[in-house]
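All ligand and atom numbering here is 1-based and tracks the order in the structure. Numbering of residues begins at 1 and proceeds along the displayed sequence. Predicted model only: the values in this text are computed from it and were never measured.
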Amino acid sequence: MHPIRGEGILDRIGATPLLRIRIFERECPEVAIYAKAEFMNPGGSVKDRPALRMIEEAERSGRLTPDRIITDSTSGNTGIAYAMIGAAKGYRVRLVMPGNVSDERRELVNAYGAETVFSDPMEGSDGAIRTVRAMVAEDPNRYFMPDQYNNDANWRAHYDGTGAEIWEQTRGTVTHFVAGLGTSGTFVGAARRLKELNAGVRCISVQPSEPWHGLEGLKHMATSIVPGIYDPALADEDVGIDTEPAYAVARELARAEGILAGHSSGAALCAVRDIARRIGQGVIVTVLADGGDRYLSTGLYGSRRT
Ligand code: PMP
């Protein structure tokens with residue numbers, strides 16, 4: 001008789017389903033729209049992929065040893081991924097995040113046993129970057145900082161994972177790839193892979209239209225510290241999206257399709273809608289970076305009594 005072999009939680013990172021999205025079907029019947037369901041990763045977001053890759057590369061290179069504390073600046077999802085992976089592998093994790101991240105995110109990180117340091121909310125994710133750099137500079141041998149903004153393992157996780165999966169799952173028929181920019185790892189890695197496989201795939205990056213926005217996880221590059229891994233030349237087009245229409249699309253997705261996704265997914269789908277209207281025909285793939293249950297306290301879904 002064969003013994004039952006259970007899987008480890010980290011084995012479930014990646015290989016996410018490609019969902020068919022139908023909310024724009026009536027308006028654009030000749031455009032097939034799909035989305036990678038990244039909220040189905042065990043840590044609940046796309047960031048599980050690069051977090052695991054950065055940690056395992058550091059283990060292999062000897063930069064991460066069992067006595068070190070994993071630390072980084074994170075707007076939330078990467079921190080949750082580090083916290084989960086740290087717990088699964090037995091590392092201490094200390095996260096620096098802006099003081100205004102959602103309650104759900106703080107609680108999640110805490111649930112996995114990670115420690116938190118809060119930076120000035122007025123300084124956003126850049127303030128968290130400055131704070132973690134100062135903390136590590138004071139005691140460099142105590143920490144391992146993956147530095148997701150400048151670590152090639154970030155985009156490579158999407159080159160080998162997300163991008164390759166999209167190609168396989170669409171059987172090479174993808175014509176447009178759309179993704180939001182945070183560290184830019186998702187966009188850079190997947191776009192690089194898809195363009196290598198077919199130089200004709202059009203890649204569209206998505207940013208908040210303004211420096212002050214409600215699209216948690218996304219960066220307004222013109223007014224931010226630009227990530228070292230960001231390569232704007234990969235984008236055939238770069239689209240700015242307003243907060244309110246992005247929230248409206250996220251709500252529509254939940255109510256019309258039963259897919260509960262976060263702010264940045266709403267922004268990506270807003271861009272997808274504009275592109276679908278313009279092209280009239282094609283296969284567009286985007287990324288649902290995380291789930292909407294992570295934002296209930298932010299009022300993303302409002303509250304309806306009917
Ligand atoms: N959406 C959400 C919700 C995120 O947390 C992030 C990561 N900051 C992104 C999109 C952007 O992903 P990336 O860092 O790969 O650009």
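- Evaluation of the side-chain contact (heavy atoms from CB on, under 4.5 Å) rule for Ala35 yields Ile21, Thr286, Leu288 as partners, not counting sequence neighbours.
- Assignment of Val46 to the shell around ligand 1 is not supported, since no heavy atom sits closer than 4.0 Å.
- Only the side chain of Ser264 comes within contact range of ligand 1, with a heavy atom under 4.0 Å; no backbone atom does.
- Figure legend: Arg251 and Tyr301 shown without cation-pi pairing, the cationic atom not lying both under 6.0 angstrom from the six-membered ring centre and within 45 degrees of its axis.
- Contact analysis leaves Phe39 out of contact with ligand 1, as no non-hydrogen atom separation drops below 4.0 angstrom.
- Remark: ligand 1 and His158 share no N or O pair separated by less than 3.5 Å (distance only, no angle test).
- For Tyr295, no nitrogen or oxygen atom sits less than 3.5 Å from a nitrogen or oxygen atom of ligand 1, counting backbone and side chain alike.
- Contacts of Arg94 classified as salt bridge (charged side-chain N to carboxylate O under 4.0 Å, His left out), with partners at least two apart in sequence or in another chain: Glu115.
- For a threshold of 3.5 Å applied to N or O pairs, the pair formed by Gly217 and ligand 1 contains at least one separation below that value.
- Of all the listed residues (Val287, Asn77, Thr186, Thr74), Asn77 holds the heavy atom that lies closest to atom 5 (O) of ligand 1.
- Assignment of Gly262 to the shell around ligand 1 is not supported, since no heavy atom sits closer than 4.0 Å.
- Checked against a 3.5 angstrom limit, the closest N/O atoms of Gly182 and ligand 1 fall inside it.
- Contacts with ligand 1 closer than 4.0 Å are made by no heavy atom of Trp155, backbone or side chain.
- Ring orientation note: the planes of His263 and Tyr247 are tilted relative to one another, at an angle of 30° to 60°.
- Using a 4.0 Å cut-off between heavy atoms, Glu216 contacts ligand 1 through its backbone alone, with no side-chain atom that close.
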